[in-house]
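Working notes for the structure below.
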Amino acid sequence: TMPLTSAPQGMFAEFDINVKNIGNENINVSTGIEVFNSTNNLVTTLNSTYVFLQPGSSNTVITFLNTYNLPAGSYRADARILFDGRSTANMTKSFNITSSSNIQIGNYTNSSINFTADIPTFVRANISTTTTVNMSIVLNSTFQMPIAITEFTSVFNQTIPSYTSIRKFVDIFASSNITTSLRWYWLNISYTDAEITAAGLDESQLRIWFYNTTTSTWQQESNSGVETNLNYVWANVTHFSLFGIFGTTPAQPSAPSVA
């Protein structure tokens, strides 16, 4: 199956292809996806890494599509499944890319991260010249799955009363296998002194917030802080979301009284 139906511009779209080995030999499975626009022109090709399947076992092969350079409109994904390069199965899925005001400036994809149950897995993503995202992820299952991250300087609905952003937003996109197996993870996002100065914020008050898609509001992570000596904000979280760095302006000294 390829469950994707729509994705906003600038975000990653996920294609899941479920495969099962019904034979009596071990096989390696990979997928290739060709994406066509509404005029039937090929716009991009996505290739997965190999997944090893023993007889009777199944797995989900996941690939991510970065929609940053794709205009809004209708698209078609043609997927081919290769079994040890000897035979193929084909499937087609139509989907839409919707207009968005998100301004993407960097992205990261790791298509093959090995997770071991209850053992922290460290992921370091150099998103752009000014942003590094570090994660230490703990799952309750063992498997190999991908993660994708995008950085934006502007996103929809980015205003919080009494708080100011440093124009650094990070969307962490993980497959459903990871989200349902997640125990928790430690997240830190770097920033620069220039970004704090430009925003006019009190560095000690920086925190990580996440966008709650249910309420359409930003919420501060309850367990979040900042390391001002190392220039990063951190949080212990139990979900993958769109995150942003927000803070407050320094308190102004009171004017001296005049006798």
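When hydrophobic clusters are built by joining Ile, Leu, Val, Met, Phe, Trp and Tyr residues whose side-chain heavy atoms come closer than 4.5 Å, directly or via intermediates, Y232 is not grouped with I208. Taken together through direct or relayed side-chain contacts under 4.5 Å among Ile, Leu, Val, Met, Phe, Trp and Tyr, L182 and W234 form parts of separate hydrophobic clusters. Placement of F36 and F15 in two distinct hydrophobic clusters is found when ILVMFWY residues are connected by side-chain heavy-atom separations under 4.5 Å, directly or transitively.
The distance from atom CG of L187 to atom OG of S241, rounded to the nearest 0.5 Å, is 10.0 Å. In this structure, CG in N107 is found 4.5 Å from CG in N66, a value given to the nearest 0.5 Å. Between the CD1 atom of I113 and the CE atom of M135 there is a distance of 6.5 Å, given to the nearest 0.5 Å. Atom CG of residue L201 and atom CD1 of residue I196 lie 6.0 Å apart, to the nearest 0.5 angstrom. Note that the OG1 atom of T248 and the CG atom of L206 stand 8.0 Å from one another [nearest 0.5 Å].
N157 places a side-chain N or O within 3.5 Å of a backbone atom of S216 that can act as its donor or acceptor partner. Within the 3.5 Å criterion, the main-chain N or O of T197 finds no donor-acceptor partner in the side chain of D193. T132 places no side-chain N or O within 3.5 Å of a backbone atom of N126 that could act as its donor or acceptor partner. With hydrogens and angles disregarded, no donor-acceptor distance shorter than 3.5 Å links the side chain of N96 to the backbone of T98. No donor-acceptor pair under 3.5 Å is formed between the side chain of S141 and the backbone N or O of S181. Proximity of a side-chain donor or acceptor of Q205 to a complementary backbone N or O of D202 within less than 3.5 Å is not detected. In this structure a side-chain-to-backbone donor-acceptor pair under 3.5 Å is missing from W186 to N134. Of the possible polar contacts, none joining the T44 side chain to the E34 backbone as a donor-acceptor pair under 3.5 Å is found.
The aromatic ring centroids of F152 and F243 lie 6.0 Å or more from each other. If you look at F246 and W218, their ring centroids are closer than 6.0 Å.
Q220 and S224 are not linked by any side-chain donor-acceptor pair at a separation below 3.5 angstrom, with hydrogens and angles left out of the test. For the residue pair N212/Q219, the side-chain donor-acceptor check at 3.5 Å is satisfied. For the residue pair E203 and Y191, a side-chain donor N or O sits within less than 3.5 Å of a side-chain acceptor on the partner. The closest side-chain donor-acceptor pair between Q104 and T150, if any, does not fall under 3.5 angstrom.
Around CG of L42, the count of heavy atoms belonging to other residues, nucleotides or ligands within 6.0 Å exceeds 12.
Partner of F173 under the ring-ring contact (aromatic ring centres under 6.0 Å, His included) criterion, chosen from F240, Y108, F64: F64.
Ion pairing of D78 with R76 is present here, as a side-chain N (NZ or NE/NH1/NH2) and a carboxylate O approach within less than 4.0 Å.
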Using a 3.5 Å cut-off and no angle test, enumerate the donor-acceptor pairs between side-chain atoms of residues 160-170 and protein atoms at least two apart in sequence or in another chain.
residue	atom	partner	partner atom	Å
S165	OG	R167	N	3.2
K168	NZ	T130	O	3.4
K168	NZ	T131	OG1	2.5
K168	NZ	E195	OE1	3.4
K168	NZ	E195	OE2	3.0

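Residues Y185 and I137 come closest through the heavy atom pair CB-CA, 3.6 Å.
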